[in-house]
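The chains referred to below are lettered A, B, ... by the order of the sequence lines, with proteins before strands, and numbering in each begins at 1. Just so you know, these numbers use all the heavy atoms, side chains as well, and skip hydrogens, waters and symmetry mates.
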There are 2 protein chains.
Amino acid sequence: MALGLTLKALADPTRRDIIKLLKEKDMTAGEIADCFTISKPSISHHLNILKQAGLIIDERQGQNIYYSLNTSVMEELIRWLMNVTRKEGGSADERNPD
Amino acid sequence: MALGLTLKALADPTRRDIIKLLKEKDMTAGEIADCFTISKPSISHHLNILKQAGLIIDERQGQNIYYSLNTSVMEELIRWLMNVTRKEGGSADERNPD
DNA sequence: TGGATATTTAGATAGTTATCTAACTATCTA
DNA sequence: TAGATAGTTAGATAACTATCTAAATATCCA
């Protein structure tokens, strides 16, 4: 999964707020939209970007589409950050995973 | 330090490449620019964004300006990500640091 | 002081993105 | 099947961003 997509997705404050909501519980697109003042289509746009980045998963249940967090992509980002942050001295395997 | 600035700064591939270079060793603006095909002013622009985000530190030494990594901001981002990633069950202190 | 080197700042431009309204698609239910 | 509800897609626009060239600033050295 491309790191750039993940970071771009997380760079927007509305999308980070959506992620914070989904950390608490899965929600439908409409429930998510109700938490914001911007329009439903704008929220749909943000959900799509989060989905493309692999940060969330969607699943239709009847009329509703439920969104939930997919933390594995964030874990990947954490690994990248830890690698950049880490001081010298690791094994060859630990270096340059990117 | 604002999470948004950090994430926006990291969302650009050129800036991530600069960070990877600086992980290896401190470099001058010119040395950094020599590693890319884009113009020096563009690199200067990227360095400024990284600096504003607190991801790098600059220090003039004579004619040169040396840039170095500041990992503390990245550690802050790691903490945010780990919090979002973490499943329920932590102490009240661990929840919602944002 | 004047020229050379290193870097940034200014101003312009092309491409990207967040937002909106209007229209469309999908699903349920009576 | 028709109407209602949930959500997305289309198209337009304003704001933002990455890039460039040209000009300005800062420092060193002869």
Taking only side-chain N and O atoms of [X], does any of them lie within less than 4.0 angstrom of OP1 or OP2 on [N]?
{"X": "A:Tyr67", "N": "D:dT8", "answer": "yes"}
{"X": "A:Ser44", "N": "D:dG7", "answer": "no"}
{"X": "B:Asn64", "N": "C:dT7", "answer": "yes"}
{"X": "A:Thr14", "N": "C:dA18", "answer": "no"}
{"X": "A:Arg15", "N": "C:dA18", "answer": "yes"}
{"X": "A:Ser42", "N": "C:dC20", "answer": "yes"}
{"X": "B:His45", "N": "C:dA10", "answer": "no"}

Remember a base hit wins even if backbone is also touched, and classify A:Ile43 as base, sugar-phosphate or nothing at under 4.0 Å, heavy atoms.
->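 If one applies the 4.0 Å heavy-atom cut-off, A:Ile43 turns out to touch nothing in the nucleic acid.
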
Report the residue (A:Gln61 or A:Lys8) whose heavy-atom-nearest nucleotide on DNA chain C is the more 5′ of the two.
->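 Its nucleotide being nearer the 5' end, the pick is A:Lys8.
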
In whole angstrom, give the distance that lies between atom [atom1] of [X] and atom [atom2] of [N].
{"X": "B:Leu50", "N": "C:dT8", "atom1": "CG", "atom2": "P", "answer": "12 Å"}
{"X": "A:Glu59", "N": "D:dA6", "atom1": "CD", "atom2": "P", "answer": "18 Å"}
{"X": "B:Asp34", "N": "C:dT5", "atom1": "CG", "atom2": "P", "answer": "14 Å"}
{"X": "B:Ile65", "N": "D:dA26", "atom1": "CD1", "atom2": "P", "answer": "11 Å"}
{"X": "A:Leu47", "N": "D:dT9", "atom1": "CG", "atom2": "C1'", "answer": "14 Å"}
{"X": "B:Gln52", "N": "C:dT9", "atom1": "CD", "atom2": "C1'", "answer": "14 Å"}

Distance in Å, [X] [atom1] paired with [Y] [atom2], rounded so as to fall on 0.5 Å steps:
{"X": "B:Met27", "Y": "B:Ile32", "atom1": "CE", "atom2": "CD1", "value": "5.5 Å"}
{"X": "A:Asn70", "Y": "A:Asp58", "atom1": "CG", "atom2": "CG", "value": "11.5 Å"}
{"X": "A:Asn64", "Y": "A:Tyr66", "atom1": "CG", "atom2": "OH", "value": "5.5 Å"}
{"X": "B:Leu77", "Y": "A:Leu81", "atom1": "CG", "atom2": "CG", "value": "5.0 Å"}

Output the single nucleotide from [options] whose closest atom is nearest the side chain of [X].
{"X": "B:Lys40", "options": "C:dT9, C:dT19, C:dT7", "answer": "C:dT7"}
{"X": "B:Ile49", "options": "D:dA18, C:dT21, C:dT8", "answer": "D:dA18"}
{"X": "B:Gln63", "options": "C:dT5, D:dT19, C:dT7", "answer": "C:dT5"}
{"X": "A:Ile38", "options": "C:dT19, D:dT8, D:dT27", "answer": "C:dT19"}

Checking side chain to side chain contact (heavy atoms under 4.5 Å, CB included) against B:Leu50, which of B:Leu69, B:Asp12, B:Leu55 comes through?
->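 Answer to the side chain to side chain contact (heavy atoms under 4.5 Å, CB included) test with B:Leu50 among B:Leu69, B:Asp12, B:Leu55: B:Leu55.
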
